[in-house]
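Residue numbers start from 1 in every chain, and the chains themselves are labelled A, B, ... in the order their sequence lines are given, proteins ahead of strands.
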Amino acid sequence: MPAAMNLDEQVEYLAKGSVDLIDRKDLRAKLARGKPLTVKVGFDPTAPDLHLGHTVVIRKMKHFQQLGHRVIFVIGDFTGMIGDPTGKKTTRPALTHEEIEENAHTYERQVFKILDPKKTEVRFNNEWLGALGSSGMIKLAAKYTLARMLEREDFRKRFDSHQPISIHELLYPLAQAYDSVALKADAELGGTDQLFNLLVGRDLMREYGLEPQVVLTTPLLEGLDGVEKMSKSLGNYIGITEDPQSIFGKIMSISDELMWKYYLLCTDLTPAEIETWKNRPMEAKKHLARFIITEFHGADAALAADEEFRRVFSERQAPSEVDEKTLPASKEPQFLTKIIVAAGLAPTNKEAQRLVAQGGVLIDEARVDDPKQTIDSRKGKTYLLKVGKRRFARVNFV
RNA sequence: GGAGAGAUGGCUGAGCGGUCAAAAGCAGCAGACUGUAAAUCUGCCGGGCCUUGCCCUACGAAGGUUCGAAUCCUUCUCUCUCCA
């Protein structure tokens with residue numbers, strides 16, 4: 001990271017990969033004072049499993065940190081009671097204090113793989129929002145108008161199409177904005193879906209006689225499918241705490257096209273450096289996978305994952321470590337499909353049948369194509385099963 | 001308070017009383033191919049079964065009409081719209 005950058009270089013460094021920066025001049029002016037900025041990012045307390053999509057904004061926090069600024073990680077234990085209305089259909093259950101505490105710790109463990117713990121503050125917004133009380137809340141609500149709220153695209157659309165908007169949803173942007181007031185934030189970061197909320201922060205700060213914060217948004221990262229944004233509920237995510245082998249495989253499974261976006265948002269390489277990889281996509285993808293695994297699990301794990309990938313997919317050998325399954329022996333031969341299910345290689349018998357019929361099952365390296373295949377399952381028998389490209393198990397009959 | 005619209009498989013979204021385990025797209029899975037779990041192409045895509053044909057579930061819930069209902073009727077639940 002850049003030790004001594006001049007003002008403009010700093011602005012550029014911080015702006016890299018951002019979508020909105022409001023406004024660049026403000027940021028420059030704040031930086032010019034030479035004092036560390038207070039930079040805040042809010043996180044919902046409900047989803048403690050961070051994935052690569054979350055790391056985009058966390059990486060941006062890191063950039064601020066590297067330049068010596070004060071980064072505050074705000075856990076929205078108060079705003080969590082409302083739930084950000086963005087595209088949400090179901091209200092989530094209220095969490096207990098213990099659960100929130102626990103989630104916060106889980107966050108920290110993951111976030112500090114990227115951020116420097118010594119330079120990161122963690123705060124809970126119930127601290128100041130809870131203290132407001134209902135009368136304080138009303139005073140806060142008095143600072144903003146419905147017309148301005150309806151500028152938010154999400155609200156606007158719902159309003160125009162006569163979809164319901166609950167009153168409490170209008171409070172969410174206000175509450176979040178009040179975080180900035182309470183913390184006297186110089187800048188707030190968030191995904192592009194946060195733009196409106198972040199801008200309300202600016203307005204509200206003016207109302208409270210504070211200098212408005214700089215707003216910086218980062219792009220939403222598409223998930224493995226390359227279509228939907230990465231999210232746990234869609235199952236198209238790469239979790240920070242996932243095992244290295246899965247991360248490696250999942251990275252390799254993204255489309256070449258999508259890979260470049262991951263490069264831009266999930267590594268610290270400059271666009272010029274990324275360009276040098278363009279003519280060898282496969283190597284580039286492996287390099288990306290190694291980079292990401294190194295960050296979360298260390299370089300050794302990354303190398304091992306790479307080796308294993310080569311072994312299993314390029315050379316189509318069995319992995320170095322195969323799950324051992326012990327199944328009860330029987331004198332009569334048993335249907336292979338049942339064994340596959342019993343070994344946890346397929347969820348249902350029907351699915352196992354399909355896999356066999358489609359030629360996706362190998363016993364001891366030999367393909368099976370008869371769904372009615374039975375196998376000798378007397379005591380002491382052992383088989384190496386391969387189902388699909390990446391499910392292996394050694395079954396032992398006892 | 002009154003009038004009306006709608007609820008379909010992970011999602012989006014078709015669906016004439018029988019030929020609907022339910023079109024199509026997306027996502028997912030498998031195979032082929034390959035530079036990768038990329039792209040492309042092909043196939044699959046509710047479950048059970050001593051396993052290929054039969055049986056169970058399934059179209060918001062519960063009843064009913066019918067030889068037969070996702071499709072018709074009644075009630076209920078939920079969502080939305082309009083009028084007041």
Side-chain angles (χ1 to χ4, degrees), chain A residues 52 87-91 157-166 222-238 242-263 277-293 302 305-319 330-342 344-362 366-377 385-392:
Chain A
L52 217 51
K88 290 291 188 306
K89 285 177 187 163
T90 50
T91 47
K157 272 192 191 151
R158 287 202 276 162
F159 187 75
D160 286 345
S161 63
H162 305 290
Q163 301 283 305
I165 302 172
S166 299
E222 286 91 345
L224 302 173
D225 51 83
V227 180
E228 304 286 346
K229 73 170 185 179
M230 186 175 284
S231 87
K232 192 173 181 188
S233 53
L234 291 173
N236 62 355
Y237 68 103
I238 297 175
E242 276 188 80
D243 69 280
Q245 199 54 57
S246 304
I247 296 179
F248 201 97
K250 285 181 175 183
I251 298 278
M252 293 308 283
S253 82
I254 65 175
S255 71
D256 288 359
E257 197 186 346
L258 189 60
M259 160 170 69
W260 306 116
K261 188 158 190 182
Y262 278 42
Y263 253 106
W277 286 99
K278 287 271 167 103
N279 54 353
R280 33 192 182 132
M282 189 183 87
E283 279 311 308
K285 208 176 280 179
K286 288 187 171 185
H287 180 258
L288 176 66
R290 277 199 304 271
F291 176 88
I292 287 168
I293 295 167
D306 193 349
E307 270 313 303
E308 192 69 3
F309 184 86
R310 191 188 319 278
R311 184 187 165 87
V312 176
F313 295 106
S314 303
E315 294 164 21
R316 302 199 179 212
Q317 295 180 21
S330 85
K331 293 194 183 76
E332 300 299 317
Q334 296 182 51
F335 277 113
L336 169 62
T337 53
K338 305 258 176 183
I339 302 302
I340 290 172
V341 175
L345 296 171
T348 62
N349 203 21
K350 207 79 168 179
E351 177 68 13
Q353 284 179 36
R354 262 179 236 125
L355 286 161
V356 174
Q358 294 188 118
V361 176
L362 277 70
R367 176 147 300 162
V368 182
D369 51 15
D370 179 9
K372 281 182 283 189
Q373 178 85 36
T374 55
I375 58 177
D376 185 351
S377 52
L385 293 184
K386 180 182 184 187
V387 174
K389 292 188 181 70
R390 52 199 139 118
R391 275 165 283 165
F392 292 87

*Return the nucleotide paired to B:U66: Watson-Crick means purine N1 to pyrimidine N3 with N6-O4 or O6-N4, wobble means G-U with N1-O2 and O6-N3, both under 3.5 Å.*
none
*Check whether any side-chain heavy atom of A:I375 lies under 4.5 Å from a side-chain heavy atom of A:V368, and answer yes or no.*
no
*asked:* Tell me which nucleotide, if any, is Watson-Crick or G-U wobble paired with B:A84 when both distances must be under 3.5 Å.
replied: none
*Using a cut-off of less than 4.0 Å, is there contact between a side-chain N or O of A:K250 and OP1 or OP2 of B:U36?*
no
*Within the structure shown, what part of the strands sits under 4.0 Å from A:I254 by heavy-atom distance: base, sugar-phosphate, or nothing?*
sugar-phosphate
*Can you tell me the distance, in whole Å, between the CG atom of A:L258 and the C1' atom of B:U36?*
14 Å
*Just by distance, do the side chain of A:S377 and the backbone of A:E332 share a donor-acceptor pair under 3.5 Å?*
yes
_Interatomic distance at C1', B:A24 relative to B:G13, whole Å_ = 8 Å
*Write down the distance between CD (A:Q353) and P (B:C45), rounded to a whole number of angstrom.*
11 Å
_Is it the case that the side chain of A:R310 and the backbone of A:E315 share a donor-acceptor pair, with hydrogens and angles ignored and the cut-off at 3.5 Å?_
no
*Return the value, rounded to whole Å, for the distance between atom OH of A:Y262 and atom C1' of B:U36.*
15 Å
*Find which nucleotide of RNA chain B each of A:T348 and A:E257 is nearest to by heavy atoms, and output the residue with the more 5' nucleotide.*
A:E257
*Using the P atom as the reference point in each nucleotide, state the distance between B:C54 and B:A5 in Å, no decimals.*
42 Å
*Using the P atom as the reference point in each nucleotide, state the distance between B:C73 and B:U66 in Å, no decimals.*
15 Å
_Side-chain heavy-atom pair A:D306, A:K286 within 4.5 angstrom cut-off_ = yes
*asked:* So, does A:N349 get its side chain near the phosphate of B:U51, meaning an N or O under 4.0 Å from OP1 or OP2?
replied: no
*For A:Q334, report the nucleic acid contact type (base, sugar-phosphate, nothing); a contact means any heavy atom under 4.0 Å.*
nothing
_Can you measure A:Q373 atom CD to B:C50 atom C1' for me and round it to whole angstrom units?_
15 Å
*In terms of side-chain heavy atoms of A:S255, which of B:G35, B:U51, B:A39 is nearest?*
B:A39
*Side chain of A:S253, base of B:U36: donor and acceptor closer than 3.5 Å?*
no
*Treat primed atoms plus P, OP1 and OP2 as sugar-phosphate and everything else as base, then score nucleotides 21-34 of chain B 5' to 3': B for base contact with protein heavy atoms under 4.0 Å, S for sugar-phosphate contact only, - for none.*
------S-SSSS-B
_Parallel, tilted or perpendicular: ring planes of A:F313 versus A:F309, cut at 30 and 60 degrees_ = tilted
*P atoms of B:A21 and B:A30, separation to the nearest Å*: 28 Å
*asked:* Rounded to whole Å, how long is the line connecting atom NZ of A:K338 with atom C1' of B:C49?
replied: 6 Å
_Spacing between A:D256 atom CG and B:A38 atom P, to the nearest angstrom_ = 10 Å
*Side-chain heavy atoms of A:F335 within contact of A:Q353, under 4.5 Å*: no
*What distance, rounded to whole Å, do you find between the two C1' atoms, one in B:C56 and one in B:U51?*
16 Å
_Same-atom distance (C1') from B:G64 to B:G2, integer angstrom_ = 29 Å
_B:C54 pairs with, by Watson-Crick or G-U criteria that keep both distances under 3.5 Å_ = B:G48
_Qualifying residues under salt bridge (Lys or Arg N to Asp or Glu O under 4.0 Å), relative to A:K285, sequence neighbours excluded_ = A:D256
*Integer angstrom distance from the P of B:C76 to that of B:A27*: 42 Å
_Polar side-chain atom of A:Y262 near backbone of A:E222 as donor-acceptor pair, under 3.5 Å_ = yes
*Base paired to B:U79 (Watson-Crick or G-U; both N/O distances under 3.5 angstrom)*: B:A5
*With both distances kept under 3.5 Å, what pairs with B:G25, Watson-Crick or G-U wobble?*
B:C11
*Ignoring hydrogens and angles, answer whether the base of B:U51 and the side-chain atoms of A:K372 contain a donor-acceptor pair closer than 3.5 Å.*
no
*If the P atom of B:U74 is compared with that of B:G25, how far apart are they to the nearest Å?*
37 Å
*With a 3.5 angstrom cut-off on both distances, give the Watson-Crick or G-U wobble partner of B:C41, or none if there isn't one.*
B:G31
*Within a strict 4.5 Å, meaning less than it, do heavy atoms of the A:W277 and A:L288 side chains meet?*
no
*Just checking A:F309: base, sugar-phosphate only, or nothing, at a heavy-atom cut-off of under 4.0 Å?*
base
*asked:* Tell me whether A:E257 at atom CD has more than 12 heavy atoms from other residues, nucleotides or ligands lying less than 6.0 Å away.
replied: no
*Any N/O donor-acceptor pair, A:K350 side-chain to B:G48 base, under 3.5 Å*: yes
*Rounding to a whole Å, what distance do you find between A:D370:CG and B:U52:P?*
11 Å
*Send over the distance from A:E283 CD to B:A38 C1', rounded to a whole Å.*
14 Å
